[in-house]
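Input: a single structure, listed below in structure tokens.
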Amino acid sequence: MYRASDEVENEEWLSRLHRAAESLELSAEARSNATDLFLSGVPEDDRSKPAMAAAALYAGALIAGDERPQTAVAEAMDVTRLSVQQHWKDVLEDAGFRPPSW
């Protein structure tokens, strides 16, 4: 769980996440999931935040059934596809979900 102050402290990253979600035409549920996932596991290191935000966006879309390709999410968040690929399963597991095994 996260605190309200986490939203304030990470306003820049949430704004980037929401812009990317909009460009990907994700549902409101996917956006909400991504926000919750990101804020629940925000890394301390600013260098890790872009990858975490992208992974949260990808995972949030999966949970909502509003899937997008990893490449599309990575491009929208301006990170590499590898960043999304390396982190999305951990994001889901940390939130209590079992990642698909495809």
Side-chain angles (χ1 to χ4, degrees):
M1 207 64 212
Y2 58 89
R3 302 176 315 245
S5 63
D6 292 335
E7 289 186 56
V8 174
E9 292 171 11
N10 293 288
E11 186 176 347
E12 173 190 348
W13 295 106
L14 291 174
S15 178
R16 290 174 73 175
L17 191 147
H18 293 150
R19 281 194 306 271
E22 187 173 312
S23 74
L24 293 166
E25 298 179 353
L26 293 175
S27 67
E29 180 183 359
R31 294 171 196 215
S32 177
N33 291 342
T35 299
D36 289 343
L37 291 169
F38 176 70
L39 289 174
S40 294
V42 177
E44 292 293 322
D45 184 12
D46 281 345
R47 292 180 344 158
S48 300
K49 289 182 181 181
M52 179 59 159
L57 186 58
Y58 180 75
L62 282 177
I63 293 167
D66 200 6
E67 300 172 37
R68 297 294 187 276
Q70 289 179 2
T71 302
V73 173
E75 288 174 2
M77 288 297 299
D78 197 27
V79 300
T80 66
R81 185 191 59 79
L82 187 59
S83 293
V84 176
Q85 182 181 12
Q86 289 178 330
H87 298 287
W88 73 271
K89 288 182 182 179
D90 291 336
V91 169
L92 282 178
E93 287 173 350
D94 290 347
F97 292 95
R98 185 177 330 140
S101 60
W102 357 276

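Just so you know, these numbers use all the heavy atoms, side chains as well, and skip hydrogens, waters and symmetry mates.
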Could you tell me whether the side chains of Ser15 and Arg19 share a donor-acceptor contact shorter than 3.5 Å?
yes
*Taking the side chain as every heavy atom from C-beta outward, state whether Glu93 and Pro99 have any pair of such atoms under 4.5 Å apart.*
yes
The side chain to side chain donor-acceptor pair (under 3.5 Å) partners of Gln86 (sequence neighbours excluded) come to none
dist Ser23:OG -> Glu75:CD (nearest 0.5 Å) comes out at 10.0 Å
| request: Run the numbers on Val42 and Met52 for side-chain contact (heavy atoms from CB on, under 4.5 Å), then give the verdict. | output: CA-CA 7 Å; Val42 177; Met52 179 59 159; over 6 Å; no
Using the rule given for side-chain contact (heavy atoms from CB on, under 4.5 Å), can you reason through Gln70 versus Trp88, listing the C-alpha separation, both sets of side-chain angles and the distance that settles it, and then say yes or no? CA-CA 10 Å; Gln70 289 179 2; Trp88 73 271; 3.1 Å; yes
d(Tyr58 OH, Leu92 CG) to nearest 0.5 Å is 9.0 Å
Separation between CG (Leu57) and NE2 (His18), nearest 0.5 Å, reads 9.0 Å
Just wondering, more than 12 heavy atoms not from Asp45 lying within 6.0 Å of its CG?
yes
With sequence neighbours left out, the residues meeting side chain to side chain donor-acceptor pair (under 3.5 Å) with Asn10 are Lys49
Rounded to the nearest 0.5 Å, the CZ atom of Phe38 sits from the CG atom of Asp6 at a distance of 9.5 Å
Note: Ala59 and Val91 closest approach over all heavy atoms is CB-CG1, 4.0 Å
*Taking Arg31 for its side chain and Leu26 for its backbone only, find out whether a donor-acceptor pair lies under 3.5 Å.*
yes
OG of Ser83 to NE2 of His87, rounded to nearest 0.5 Å, is 5.5 Å
With a 3.5 Å distance limit and no angle check, can you tell me whether Asp66 reaches the backbone of Ser27 through a side-chain donor-acceptor pair? yes
Exercise. Please determine, by modelled atom types, if Thr35 and Ser32 share a side-chain donor-acceptor pair under 3.5 angstrom.
Key: no
Might you confirm whether atom CD of Glu22 has over 12 heavy atoms from other residues, nucleotides or ligands at distances under 6.0 Å? no
Nearest heavy-atom approach of Leu37 to Ala56 is CD1-O, 3.8 Å
Test side-chain contact (heavy atoms from CB on, under 4.5 Å), reference Pro50, set Leu17, Asp78, Val79, output is Val79
Say whether, by atom type as modelled, one donor and one acceptor occur between the side chain of Arg68 and the main chain of Ala21 under 3.5 angstrom.
no
Please determine whether residues Val84 and Phe97 belong to a single hydrophobic cluster, defined as Ile, Leu, Val, Met, Phe, Trp and Tyr linked transitively by side-chain heavy-atom distances below 4.5 Å.
yes
